[in-house]
Amino acid sequence: MSNFQRKLLKWFDSHARELPWRINRDPYRIWLSEVMLQQTTVAAVIGYFDRFVTKFPTLVSLAAAEEADVLLLWQGLGYYSRARNLHRAAKILVNEHNGKFPEDPEIFSKLPGIGRYMLGAILSQAFEQRLPIVEANTRRVYVRLLSRFDLDLDSREGQVWLWQTATDLLPRKRIGDFNQALMELGATLCRPQPLCEECPVSKECLAYQSGLQDQLPLSRKKKEFEQVQTVTLVIEDQGKFLLRQIGPGGRWARLWEFPQRTIEPEETEAEACRKLLEELGIRAQIGKEITQIRYGVTRFKIQMTALEAELTGRAIAREDFRWLLPGEWADHPLSTPMRKLAEILRNPRQLRLF
DNA sequence: AACTCGGGGAC
DNA sequence: GTCCCAGAGTT
């Protein structure tokens, strides 16, 4: 066992946080914790984890649940497909594997929601399978440990290096603890702003020995977002609401599908809006307010124009439009746009363009 | 390879 | 406001 491995494990033994999913090695709890922790911080997960295992303490109880009840417990945690995949996988295990967790990576990795990270994280913790992990914390650790300045971690080459490095570092024994220790180190000491004075493996860390730990990891390439003009309408008629949004070139539609209408490149969104309203037989006034919104996790920037208008009350309910009944979705808990629209609909006399 | 999913915390 | 987070699935 290398110095790095020995020191890291020794540090983990005395510094590991006491977390609800570490009280035993129940594969179900470990699995659940890893699902909840995807792209989600420990602090946010703990409460959800406790409530979830109280309601569904075992794999069998989860598999027997209705999806709606599972989603209810997930409400507010985000990435709801995680919950659906978890539930689907639980049913598969109960129906096709007698409710037993497969220790075989070939079988486990076929379950919905199980990618390469989940495979290693769960099977190494639960069954001491010798499988590596790469995620945000360990990524920082690997890169600093070996001082890789010359590699774009998001490239294919970078990914290959990360997983190979993770594999090479694994000890012979205590695989689960070792993987946990790597993440614990990344989460508590080897943070973006590292606390190297307290680090148990700073002598083994190439970046620290060069004094370059603050320069790593290299910042990701910034995504460039195109400024686009878009028109979104929320139209109320007799208690029903029609949503339309159009972007340049008719390239995309949001919130609800609708007949495409293109905003010409030279056309301002205000002009496009006027034409659209004219088509619909709606008299409206277009405001001047410009702002930006963030739509869920997708950060595209949108020019917004405030609009208040009066409906003429005709020629709206065209057959190719889809209508939403407020009761069907306004209280739906799972989606930001749903809530945003619910806000709009609290004042249903307003027709707003945003 | 790029997009999408989501909410919260740090700054 | 921006950036990041115990990633996976889809296209």
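Everything quoted here is computed from the prediction, not taken from an experiment. So that the names make sense, note that chain A is the first sequence line, chain B the second, and so on, each numbered from 1.
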(request) Would you please indicate yes or no on a ring centroid separation below 6.0 angstrom for W21(A) and F49(A)? (result) yes

(message) Rounding to an integer number of angstrom, what distance separates dC5(B) and dC4(C) when you compare their C1' atoms?
(response) 16 Å

(request) Pull out every residue in residues 46-57 of chain A that has a heavy atom closer than 4.0 Å to any atom of DNA chain C, ordered by number, or say none. (result) none

(request) With heavy atoms under 4.0 Å as the rule, sort M118(A) into base, sugar-phosphate or nothing. (result) sugar-phosphate

(request) Using whole Å, report how far CG of N137(A) lies from C1' of dG7(C). (result) 13 Å

(request) Quote, to the nearest angstrom, the C1' distance that separates dG8(B) from dG9(C). (result) 23 Å

(message) Between dG9(B) and dA8(C), how far apart are the two P atoms, rounded to whole Å?
(response) 24 Å

(request) Compare side-chain N and O positions of R82(A) against OP1 and OP2 of dC5(B) and report whether any pair is under 4.0 Å apart. (result) no

(message) Could you check whether R29(A) pairs with D26(A) (Lys NZ or Arg NE/NH1/NH2 to Asp/Glu carboxylate O, under 4.0 Å)?
(response) no

(request) Starting from the 5' end of DNA chain C, give me the residue, G113(A) or R22(A), whose nearest nucleotide shows up first. (result) R22(A)

(request) Write down the distance between CG (L37(A)) and C1' (dC4(C)), rounded to a whole number of angstrom. (result) 15 Å

(message) Distance check needed: dC11(B) P versus Q193(A) CD, whole Å only.
(response) 8 Å

(request) Return yes if the base of dG6(B) and the side-chain atoms of Y79(A) contain a donor-acceptor N/O pair under 3.5 Å, otherwise no. (result) yes

(request) I would like to know whether L32(A) and L62(A) meet side-chain contact (heavy atoms from CB on, under 4.5 Å); could you show each step before the answer? (result) CA-CA 11 Å; L32(A) 176 63; L62(A) 174 59; over 6 Å; no

(request) Would you mind reading off the distance between M36(A) atom CE and dA6(C) atom P, rounded to a whole angstrom? (result) 16 Å

(message) Using a heavy-atom cut-off of 4.0 Å across all strands, would you classify W21(A) as base, sugar-phosphate, or nothing?
(response) base

(request) Would you mind classifying the nucleic acid contact of I122(A) as base, sugar-phosphate or nothing, using non-hydrogen atoms under 4.0 angstrom? (result) nothing

(request) Could you work out which one of dA6(C), dG9(C), dG6(B) sits closest to the side chain of N85(A)? (result) dG9(C)

(request) Nearest whole angstrom, please: distance from the P of dG9(C) to the CG of L86(A). (result) 12 Å

(request) Using a 4.0 Å heavy-atom cut-off across all strands, classify I133(A) as base, sugar-phosphate, or nothing. (result) nothing

(message) If I take atom CZ in residue R84(A) and atom C1' in nucleotide dG7(C), what distance separates them, rounded to the nearest angstrom?
(response) 17 Å

(message) Quick test of your reading of the model: are R25(A) and D177(A) salt-bridged, counting only N-O distances below 4.0 Å?
(response) yes

(message) Just the rounded figure in Å: distance from C1' of dC4(C) to CG of L216(A).
(response) 17 Å

(message) Hydrophobic clusters here meaning ILVMFWY residues chained together by side-chain heavy-atom distances under 4.5 Å, can you tell me if V60(A) and F101(A) are in one?
(response) yes

Run the side-chain donor-acceptor check on residues 190-197 of chain A: report pairs under 3.5 Å with partners two or more places apart or on a different chain.
none

(message) Go nucleotide by nucleotide along DNA chain B from the 5' end; which of A43(A) and Q39(A) gets its closest nucleotide reached first?
(response) Q39(A)

(message) Would you say F178(A) ends up clustered with F12(A) if hydrophobic residues are merged whenever their side chains have heavy atoms under 4.5 Å apart, either directly or through other cluster members?
(response) yes

(request) Can you check whether any acceptor in the base of dG8(B) is under 3.5 Å from a donor in the side chain of T40(A), or vice versa? (result) no

(request) Could you tell me whether a side-chain N or O of E135(A) sits under 3.5 Å from a main-chain N or O of T138(A), the two making a donor and an acceptor? (result) yes

(message) Heavy-atom nearest nucleotide on DNA chain B for L77(A) versus R156(A): which residue maps closer to 5'?
(response) R156(A)

(request) With P as the reference atom in both, quote the distance from dA10(B) to dA6(C) in angstrom, rounded to an integer. (result) 13 Å

(message) Closest-nucleotide mapping onto DNA chain C: is P112(A) or R140(A) further toward the 5' terminus? I mean the 5' end.
(response) R140(A)

(request) Ignoring the backbone of Y117(A), work out which of dG7(C), dA1(B), dG7(B) is nearest its side chain. (result) dG7(C)

(message) For residues V201(A) and M1(A): do they belong to one hydrophobic cluster (side chain heavy atoms under 4.5 Å, members Ile, Leu, Val, Met, Phe, Trp, Tyr)?
(response) yes

(request) Grab the CZ-P distance between R191(A) and dG9(B) for me, whole Å please. (result) 16 Å

(message) For a quick check of understanding: with a heavy-atom distance under 4.0 Å over all strands, which category does A136(A) fall into, base, sugar-phosphate or nothing?
(response) sugar-phosphate

(message) Using OP1 and OP2 only, check whether a side-chain N or O of Q38(A) sits under 4.0 Å from dA6(C).
(response) no

